[in-house]
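Report on one structure; see the data block that follows.
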Amino acid sequence: MKNSIFFLPIFLFLLLSSAMQAQNYVARHNMSSAQYQTEFNTWTGQGYRLTQVSGYSDNGQDRYAAIFEQESGPVWTAKHGLTGAQYQTQFDNLTAQGYRPIQVSGFPSGNQAKYAAIFIKETNAPQWKAKHGMTSTQYQAEFNTWTGQGYYLIDVSGYTVGGTDFYAAIWEKKADAPQVFARHRMTNAEYQAEVNEKSSQGYRLTKVSGYSISNTPRFAAIWVKTGGPVLAARHGLAGSQKYQDEFDRMYYQGYRPVWVNGYTVNNQDMFAAIWTCSDPFKANEMQAVDNLVEAYMQANDIPGLSIAIARNGKLVLAKTYGFADQEAGEKVAPRHKFRIASVSKPITATALMRLEQTNKIELTEKIFGPGSILGNTYGNQQAYTTDLKEITVNHLLTHHAGGWDQDGDPIGQDQSWNMTTYINNTLNNYPLDNNPGDVYDYSNFGYALLGRVIEKKTGSTYENWVKDNILAPCGITGMQIGGSTLGQRKPNEVKYYGNNAYLYNIPRMDAHGGWIASPIDLVRFLVRVDQSNTVPDILSAASQTTMFTPSATNNSYCKGWSRVVNSGSLWHNGALPSTLSEMKRTSDGFCFAILMNTRPGAGKDNNGVGMGQLLGDIKNTITKWPAHNLF
């Protein structure tokens with residue numbers, strides 16, 4: 001081990017592929033002292049152990065980040081919010097009872113230092129030494145003293161009070177001590193360089209502590225030369241939301257946190273963290289996936305993109321790329337929702353099949369005219385032709401109503417109209433072109449009518465009924481009908497780009513193109529209508545067979561779902577000036593979803609053919625699929 005702790009800074013970056021262990025841990029951050037105590041009581045009451053705690057300051061308030069593990073181990077106790085004197089008293093009392101500290105977090109609280117610590121009590125404990133409140137010079141001297149006597153550093157915490165950086169540290173002495181390398185006072189650049197070098201030499205980063213000197217970030221860190229699962233680390237994550245976004249990105253690639261450190265630089269709360277995974281994708285294959293996606297985005301001028309993949313009912317991967325909001329510098333994260341456009345149609349079709357399955361509707365029921373579902377609610381008397389009164393639920397589901405197609409699509413009418421005016425004007429001014437049932441003619445307006453059918457049959461709004469009866473049983477809580485303007489942007493919704501990105505009346509498109517969702521939401525939906533036993537489906541086998549059976553005139557379209565004739569895979573895509581979207585369920589157990597916040601222009605992937613090919617390329621690139629389930 002190098003017997004040194006130099007004044008070095010560095011940037012933390014290690015990202016390899018991931019695999020997810022069982023969810024036997026809980027990680028929390030941005031907790032007040034009271035919230036931390038509540039979480040502590042909750043999880044320790046369920047048999048979890050506190051394995052790591054970090055105290056820090058956010059706008060002058062004490063905050064805590066912590067990790068709890070569901071594992072066995074020696075007797076332990078933990079303390080937090082202690083002043084220097086209180087910590088020394090607790091230290092003396094606990095060590096007198098046979099406990100020893102294994103982790104100490106020092107942090108500024110006003111004009112004083114406070115401490116949070118974990119102690120354990122075990123038989124045959126190793127020799128150990130612990131110090132706190134050390135200046136940089138004192139810490140270096142202690143480091144030299146104890147490493148010179150065969151001890152090695154197991155924990156270090158840097159913190160700044162009154163403009164002076166202080167350190168708390170713990171050393172152990174064991175016969176089979178590993179090779180350890182430690183440094184402190186590292187700048188970003190120095191820290192990044194050290195991370196790169198130590199990784200190449202077979203060392204693993206085990207601890208990192210951020211703090212500040214003269215309002216610039218500094219880091220103290222420990223590396224151990226040992227093996228272990230794939231490791232990834234980040235630092236310099238400014239603010240609780242950015243850390244949460246990165247946490248989620250790592251989770252949905254299969255990583256779990258093993259260390260999180262909160263710190264403050266120039267009154268900004270920051271985070272550094274370490275994650276590991278035990279069943280990773282192949283690193284070269286994930287790099288190839290990134291290259292495919294980034295090449296597609298560059299070729300099509302796409303600001304932000306998000307994908308999710310399930311295999312045999314398990315979510316195995318979700319990745320995000322680019323920006324949710326370019327002007328704000330906000331990167332796409334798993335929480336972000338996108339307009340899904342016509343990917344809304346399979347959701348509406350599933351809702352109708354649910355009603356049919358529960359005997360609340362028959363697919364042969366008429367839509368318009370006396371004794372029908374909607375009766376004479378909409379349009380004038382002249383609109384009610386013989387053909388109009390022959391349209392059934394099934395005709396609308398399969399795009400066989402006889403008109404209202406995309407050649408002069410009625411959705412282009414005055415965007416200020418509400419739903420009633422929109423339907424009235426369409427019935428009055430867009431006569432049918434064919435007899436119902438004769439010809440497949442894709443119709444957005446037909447699915448708008450199906451939304452009204454659901455409302456009539458349920459007595460609820462379309463959105464609320466679908467949320468409660470289709471989405472909630474799938475475990476989906478964040479989907480909703482989107483807004484039309486930038487000012488109506490929903491929480492966690494991306495910003496859209498391109499000409500006329502905010503042209504359409506999105507709420508009026510509800511049942512045929514109005515939903516916003518994340519790719520994870522869509523994959524949650526797909527695995528619940530996949531005709532398999534991996535997770536319980538929300539429709540019966542008979543209802544799914546009916547829904548996925550193509551019409552007599554178009555064997556590539558079923559009821560709300562497109563069908564790949566040769567393979568039997570089911571899918572739907574969508575497009576608006578603001579988005580391209582697709583979800584797909586393959587016949588070999590995969591479910592994919594991809595969303596983006598623009599629509600490529602003329603001469604590019606305007607209709608999403610390349611988007612579909614991208615999903616296929618991603619699937620073919622990955623040869624090793626982890627067994628984890630990230631749902």
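- Side-chain contact between K79 and Y87: absent, with no pair of heavy atoms (C-beta onward) separated by less than 4.5 Å.
- For the pair I222/F181, no side-chain contact is recorded, criterion being any heavy-atom separation below 4.5 Å from C-beta on.
- Legend: residues meeting salt bridge (Lys or Arg N to Asp or Glu O under 4.0 Å) with E39, ordered by chain and number and at least two apart, are R28.
- For Y263, the ring-ring contact (aromatic ring centres under 6.0 Å, His included) criterion is met by F219, not counting sequence neighbours.
- Of the possible polar contacts, one joining the T216 side chain to the I213 backbone as a donor-acceptor pair under 3.5 Å is found.
- A donor and an acceptor atom, one from each side chain of R339 and S578, are located under 3.5 Å apart.
- Using a cutoff of 4.0 Å between basic side-chain nitrogens and carboxylate oxygens, D248 and R335 are not scored as salt-bridged.
- Here the closest non-hydrogen pair linking H132 and G84 is NE2-O, 4.2 Å.
- No side-chain heavy atom of P178 sits under 4.5 Å from any side-chain heavy atom of T226.
- The distance between the ring centers of W275 and Y252 does not fall below 6.0 angstrom.
- Rounding to the nearest 0.5 angstrom, the gap separating the CG atom in L580 from the CE atom in M596 is 5.0 Å.
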**Item:** Criterion ring pair (Phe, Tyr, Trp, His ring centres under 6.0 Å) on F590 and W625, from CA distance to verdict
**Value:** CA-CA 11 Å; F590 285 89; W625 294 94; 5.0 Å; yes
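- Within the 4.5 Å cutoff, the side chain of F40 has heavy atoms near those of the F68 side chain.
- When atom types are taken as modelled, the side chain of K173 and the backbone of Q149 share a donor-acceptor pair closer than 3.5 angstrom.
- At least one donor-acceptor pair closer than 3.5 Å links the side chain of Q97 to the backbone N or O of N93.
- For D155, the side chain to side chain donor-acceptor pair (under 3.5 Å) partners are K207, not counting sequence neighbours.
- Side chains of T51 and V258 form no contact here, defined as non-hydrogen atoms less than 4.5 Å apart.
- To the nearest 0.5 Å, atom CG of residue N597 and atom CD1 of residue I302 are 8.5 Å apart.
- With salt bridges taken as basic N to acidic carboxylate O contacts below 4.0 Å, one links D165 and R185.
- Ionic pairing of R234 and E246 is present here: one or more N-O contacts between side-chain nitrogen and carboxylate oxygen are shorter than 4.0 angstrom.
- Comment: D325 engages R489 in a salt bridge, judged by a side-chain N to carboxylate O separation of less than 4.0 angstrom.
- A donor-acceptor pair shorter than 3.5 Å cannot be found between the side chains of H336 and T320.
- Checked against a 6.0 Å centroid threshold, the rings of Y99 and F119 do not count as neighbours.
- V265 approaches Y211 most closely through the heavy-atom pair CG2-O, 3.9 Å.
- A heavy-atom distance below 4.5 Å is not found between the side chains of V156 and H184.
- The shortest non-hydrogen separation linking R249 to A333 is NH2-CB, 3.8 Å.
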**Q613/D617 under side-chain hydrogen bond (donor to acceptor under 3.5 Å, both in side chains): CA gap, chis, key distance, verdict** = CA-CA 6 Å; Q613 292 173 343; D617 290 342; over 6 Å; no
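- Residues satisfying the salt bridge (Lys or Arg N to Asp or Glu O under 4.0 Å) test with D58, not counting sequence neighbours, are none.
- Each of Y159, F107, F166 was evaluated against Y115; a single residue qualifies, Y159, per the ring-ring contact (aromatic ring centres under 6.0 Å, His included) test.
- Minimum interatomic distance between F91 and P101 (heavy atoms only, all atoms of both residues): CE1-CG, 3.8 Å.
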**Message:** Quick one, D62 with S109, criterion side-chain hydrogen bond (donor to acceptor under 3.5 Å, both in side chains). Give me CA distance, side-chain angles, the key distance, then yes/no.
**Reply:** CA-CA 6 Å; D62 294 355; S109 179; 2.8 Å; yes
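- In N41, the CG atom is crowded: over 12 heavy atoms of neighbouring residues, nucleotides or ligands sit closer than 6.0 Å.
- Evaluation of the ring-ring contact (aromatic ring centres under 6.0 Å, His included) rule for Y496 yields Y502 as partners, not counting sequence neighbours.
- Between the T276 side chain and the L231 main chain, no donor and acceptor come within less than 3.5 Å of each other.
- Judged purely by atom type and a 3.5 angstrom limit, Q103 uses its side chain to pair as donor or acceptor with the backbone of V53.
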Which donor-acceptor pairs under 3.5 Å do side chains of residues 294-301 form with protein atoms, sequence neighbours excluded?
{"unit_1": "Y296", "atom_1": "OH", "unit_2": "D605", "atom_2": "OD2", "d": "2.5"}
{"unit_1": "N300", "atom_1": "OD1", "unit_2": "D605", "atom_2": "N", "d": "2.8"}
{"unit_1": "N300", "atom_1": "ND2", "unit_2": "Y296", "atom_2": "O", "d": "2.9"}

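- What you find for A517 and M479 is that their closest heavy atoms are CB-CG, 3.5 Å.
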**Message:** Determine whether E327 and K495 satisfy the following criterion, salt bridge (Lys or Arg N to Asp or Glu O under 4.0 Å), listing intermediate values before the conclusion.
**Reply:** CA-CA 9 Å; E327 291 73 18; K495 185 176 181 180; 3.0 Å; yes
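- When side chains are defined from C-beta on, F631 counts as touching V523, because their heavy atoms get closer than 4.5 Å.
- When the side chain to side chain donor-acceptor pair (under 3.5 Å) test is applied to Y64, no partner is found at least two apart in sequence or on another chain.
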**Item:** side chain to side chain contact (heavy atoms under 4.5 Å, CB included) between F592 and I307, worked out
**Value:** CA-CA 7 Å; F592 297 89; I307 62 172; over 6 Å; no
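- At least one donor-acceptor pair closer than 3.5 Å links the side chain of T89 to the backbone N or O of A85.
- Remark: T38 pairs with T42 by the side-chain contact (heavy atoms from CB on, under 4.5 Å) rule, at least two apart or across chains.
- Contacts of F323 classified as side-chain contact (heavy atoms from CB on, under 4.5 Å), with partners at least two apart in sequence or in another chain: Q326, K331.
- Remark: side-chain polar atoms of Q35 are paired, donor with acceptor, to backbone N or O of S32 under 3.5 angstrom.
- In terms of modelled atom types and a separation under 3.5 Å, the side chain of Y251 and the main chain of L630 share a donor-acceptor contact.
- Judged as a salt bridge (Lys or Arg N to Asp or Glu O under 4.0 Å), the pairs with a partner in residues 65-78 (not counting sequence neighbours) are, in order, E69-R256.
- Residue K242 places its NZ atom among 12 or fewer non-hydrogen atoms of other residues, nucleotides or ligands, all under 6.0 Å distant.
- Annotation: side chain of L292 is in contact with side chain of T621 (closest heavy-atom distance under 4.5 Å).
- Smallest separation of non-hydrogen atoms from E285 and K624: OE1-N, 3.6 Å.
- Partners of Y56 under the ring-ring contact (aromatic ring centres under 6.0 Å, His included) rule, at least two apart in sequence or in another chain, are F271.
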Just list the side-chain donor-acceptor pairs under 3.5 Å for residues 122-131, sequence neighbours left out, or say none.
{"unit_1": "E122", "atom_1": "OE2", "unit_2": "R100", "atom_2": "NE", "d": "2.8"}
{"unit_1": "E122", "atom_1": "OE2", "unit_2": "R100", "atom_2": "NH2", "d": "2.5"}
{"unit_1": "Q127", "atom_1": "OE1", "unit_2": "Y151", "atom_2": "OH", "d": "3.3"}

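- Ring centers of Y203 and W223: at least 6.0 Å apart, outside the cut-off.
- The backbone N or O of Q138 lies less than 3.5 Å from a partner atom in the side chain of T135, making a donor-acceptor pair.
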